[in-house]
Amino acid sequence: MSSPISTERHGDVLVITSDNPPVNALGAAVRTGLDAAIRAAVADDAVKAVVIRCEGRTFFAGADITEFGKPPVDPWLPALVDTIEASPKPVVAAIHGTALGGGLETALGCHYRIAVPSAKLGTPEVKLGLLPGAGGTQRLPRTAGIEAAAEMCATGTPIGARRALDLGLVDRLAGEDSLTADALAFANEVIAQGPRPTRALPIKGAPAAIKAFAEANAKKFRGFDAPAAALACVEAATRLPFDEGMAFEREQFTKLLFGAQSAAMRHIFFAERQAAKIDGVDKDIALRPINKVGVIGAGTMGGGISMNFLTAGIPVTIVEMKQEALDHGVGLIRKNYEASAAKGRFMPEQVEAAMAALTPTLSFDDLADCDLVIEAVYENMDVKKEVFGKLDRIVKPGAILASNTSYLNIDEIAASTGRAGDVLGMHFFSPANVMKLLEVVRGAKTAPDVLATVMALAKKIKKVAVVAGVCHGFIGNRMLMPRQVESMKLLMEGATPAQIDKVHVDFGMPMGPFQMSDLAGVDIGWHRDPARIENIRDALCAVGRWGQKTGKGFYDYDDKRRPSPSAEVQAIIDDFAAKAGMTKRAISDEEIVERTLYPMVNEGALILAEKMAQRASDIDVVWIYGYGWPVYRGGPMFWADLEGNDKIVAGLEKHGFTIAPLLKEKAETKGRFTA
Ligand code: T1G
């Protein structure tokens, strides 16, 4: 097997190149080759300087994550970085693409760094529940400075090459198309200067910046172990000699590496990428071109959906029934863009370009030449069937027709057209221009190329797409239902909305079932008849408790939308419980977990058995990106594996649930849902 590392002499300079697609991950073969090449360069008197570069789309994008959990293979990365740094001849890193994690740390072991303007440099290890483990927390404060080091190591957010130049992390910018030549010139230039070991550079900036940063971001880091550990390492760099700082970093890194949070977050890293793959469909299948999108409905969902395509540079024709609704919808799209621009996320000209690509109309006929039409109208089967019947008559052959339905049967909708092969579900999550999850619902007759086209398009509009089968609620909402049903039962038995929500927030969810209901609207799906009161929710809706939008729902809200428990709600609950002959009892937090989270795993097992999801990790991706399940717990199915499926089954049996056969099998065989 040939080494991914090659070398080539250019006069006094030796160029070491890595060619390890797809992202030049620093796997064992790369490290071995790089180590041998740098040692040979040092030993060769004819070599006066070295350039380290990468072929393909990026400089080293990090350690090879697939190697984690396996026995370490020498040379390990920190030692290799030290070897590079110890070279008596200057070593220049030529950076393009994304120099991330161990890749940036390798560049930090080099004495000088040159980058193309489009390059990004970062230490995203915290997104894997880790921290830079090859000296990044010790060398960044000596190059980019303490403040930038704290932010980069604790958030994982990369910086651009120009900012890196301003900070002193990069010494020079190369021409976008002349990186190797410019790096060679730079290397020849620094022969006289000699090496500049990063470890010998002084720390830049004020240590107080670390504490300030930690305090400013405490909410964002809630529940995560890695950010605080990364900041502790950066802080250690400001007061310990380099080698002691490295020892501290190694100790902190190792603790995280063998912890549950990193295992969970590495699981999600791969799960997200696996979700994009469609079992049984050739990954090179020809895709249908999508150059123009139609959206039906300019409400909250239709507007949000439209923004995804406009932002990706795909023109949208948006249809409404009435001019007033159309104007309101277009106005909301502009307002959302302008709000993002105010936060610096968009340039004003990008807002104008997006709005210019939006064509509002009252006529379905204007959808005729769209390549994809997405229906986002009222959640009613008859309405959807009528819409799809019209689309079938109007839209050109070969166009893809998608419904944004949250629950309804895609096959039934497809049957209202003469082209069921072109029909599928595209279930966006509100707010559709923000939430990353897209459930792509594969109908019985959906053509493979239609499915593949939409999965590829999802990546283009920066969504994380998961293939779902046709069942009520698909994957996410189907698992949400047992959680909501049990939560309402627990209210009748003596738990309060605040207690149940607190259990979920302490678990790591962004909000609990009742907070979520107040945010989304307690009146969603309500029959609108205040005289018809059959359950607690009817009773709340009947007195205008529709949620945050009316200032009260399960909670009362002040003018800053801060929630507080409501005596009126508690009286309604108590009244229903009394009428049902229930006697209130103290309910433990453990019982709340067993009755609201364990049933989700049970439903996930049914979804898998019915093949409504391709794989257990897809279910995890749905809950991480659609509902805010804490990524450091890896998703419901990964979490169940970690809890122990036998413990899940025991908890469910305690409360009389019927156990899904697949879950029972996992419990009995000590098996796992996820790898
Ligand atoms: N190791 C192994 N495989 C990787 C990988 C990595 N670091 N990065 C990407 N891949 C695979 C990925 O699974 C996919 O495989 C293919 O490459 C394309 O990736 C010691 C310990 C670089 C921005 O966290 O952020 O260094 O699905 O689909 O959208 O301190 O990949 O095709 O089979 O994401 O163009 C730190 C992780 C590691 C960077 C490119 N580095 N990667 O995005 O392509 S820990 C990271 C990314 C570390 C040191 C520590 C992105 C990307 P497949 P992709 P992309």
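Remember, it's 1-based here, ligands and their atoms both numbered in the order they're listed. By convention here, the first residue in the shown sequence is residue 1.
- Protein heavy atoms all stay at least 4.0 Å away from atom 52 (C) of ligand 1.
- At least one N or O atom of Glu125 sits closer than 3.5 Å to an N or O atom of ligand 1.
- Residue Asp64 has at least one heavy-atom neighbour below 4.0 Å for each of these atoms of ligand 1: 1 (N), 2 (C).
- The single protein non-hydrogen atom nearest to atom 35 (O) of ligand 1 is Arg57 NH1, 2.6 Å, given as residue, atom name and distance.
- Looking only at heavy atoms of the protein, atom 32 (O) of ligand 1 is closest to Lys277 NZ, 4.5 Å.
- Note: Thr137 OG1 to Phe253 CZ = 11.0 Å, rounded to the nearest 0.5 Å.
- Thr198 contributes a side-chain N or O that, together with a main-chain N or O of Leu108, makes up a donor-acceptor pair within less than 3.5 Å.
- Residue Val23 holds the heavy atom nearest to atom 40 (C) of ligand 1 of all those in Thr123, Val81, Val23, Asn20.
- Atom 21 (C) of ligand 1 has its closest protein heavy atom at Phe68 CZ, 3.5 Å.
- Atom CD of Glu235 is surrounded by more than 12 heavy atoms from other residues, nucleotides or ligands within 6.0 Å.
- Using a 4.0 Å cut-off between heavy atoms, Leu128 contacts ligand 1 through its side chain alone, with no backbone atom that close.
- Distances from atom 25 (O) of ligand 1 to the heavy atoms of Leu131, Thr58, Leu100 show the closest one on Leu100.
- Rounded to the nearest 0.5 Å, atoms CG (Leu26) and CG (Leu80) are 7.5 Å apart.
- Listed by chain and number, the residues in a side-chain contact (heavy atoms from CB on, under 4.5 Å) with Arg162 are Pro117, Leu173 (sequence neighbours excluded).
- Less than 4.0 angstrom separates some heavy atom of Lys459 from each of these atoms of ligand 1: 28 (O), 29 (O).
- Put simply, the side chain of Lys459 never gets that close to the backbone of Ala276: no donor and acceptor are under 3.5 Å apart.
- For the ligand labelled ligand 1, residue Gln274 lies outside the 4.0 Å heavy-atom shell.
- Without hydrogens or angle criteria, Lys611 side chain to Ile607 main chain gives no donor-acceptor distance under 3.5 Å.
- Judged by distance alone, the side chain of Ser340 and the main-chain N or O of Asn336 form a donor-acceptor pair under 3.5 Å.
- Contact annotation for atom 15 (O) of ligand 1: protein absent (non-hydrogen atoms, distance under 4.0 Å).
- Distance CE/Met152 to CD/Glu147: 13.0 Å, rounded to 0.5 Å.
- Using a 3.5 Å distance cut-off with no hydrogens or angles, the side chains of Glu176 and Ser118 do pair a donor with an acceptor.
- For ligand 1, the polar-atom distance check finds no N/O of Phe253 at less than 3.5 Å from any of the ligand's N/O atoms.
- Using a 4.0 Å threshold on non-hydrogen atoms, atom 3 (N) of ligand 1 does not count as touching the protein.
- Both the backbone and the side chain of Ala63 come within 4.0 Å of ligand 1, judged by heavy-atom distances.
- Residue contact check: Glu105 has heavy atoms under 4.0 Å from atoms 20 (C), 30 (O), 49 (C) of ligand 1.
- For Phe429 and Tyr625, the distance between ring centers is not under 6.0 angstrom.
- Heavy-atom contacts from other residues, nucleotides or ligands closer than 6.0 Å to NZ of Lys120 number 12 or fewer.
- Between Glu67 and ligand 1 there is no heavy-atom distance shorter than 4.0 Å.
- Residues meeting the side-chain contact (heavy atoms from CB on, under 4.5 Å) test with Pro630, sequence neighbours left out: Phe507, Met509, Tyr632, Arg633.
- Within ligand 1, counting atoms from 1 as listed, the ones closer than 4.0 Å to a heavy atom of Pro132 are 30 (O).
- Numbered from 1 in the order shown, with element, the atoms of ligand 1 that lie under 4.0 Å from a heavy atom of Gly62 read 26 (O), 41 (N).
- One option in Ala25, Gly102, Cys153, Pro22 has a heavy atom closer to atom 17 (O) of ligand 1 than any other, and that option is Pro22.
- In this structure, the side chain of Glu249 does not engage the main chain of Cys233 through any donor-acceptor pair within 3.5 Å.
- Under a 3.5 Å cut-off, the side chain of Asn433 and the backbone N or O of Ile305 do not form any donor-acceptor pair.
- Polar contact with ligand 1: present for Ile65 (N/O pair, distance under 3.5 Å).
- For the pair Thr98 (side chain) and Leu100 (backbone), a donor-acceptor distance under 3.5 Å is absent.
- Contact annotation: for Ala61 versus ligand 1, heavy atoms closer than 4.0 Å belong to both the backbone and the side chain.
- Taking 4.0 Å as the cut-off, Pro124 counts as a neighbour of ligand 1 on heavy-atom distance.
- Proximity of atom 43 (O) of ligand 1 to the protein is not indicated, since no non-hydrogen protein atom lies closer than 4.0 angstrom.
- Heavy atoms of Met265 found under 4.0 angstrom from ligand 1: none, in either backbone or side chain.
- For Lys127, no heavy-atom contact with ligand 1 is shorter than 4.0 Å.
- From the protein, the heavy atom lying nearest to atom 34 (O) of ligand 1 is Arg273 NE, 2.8 Å.
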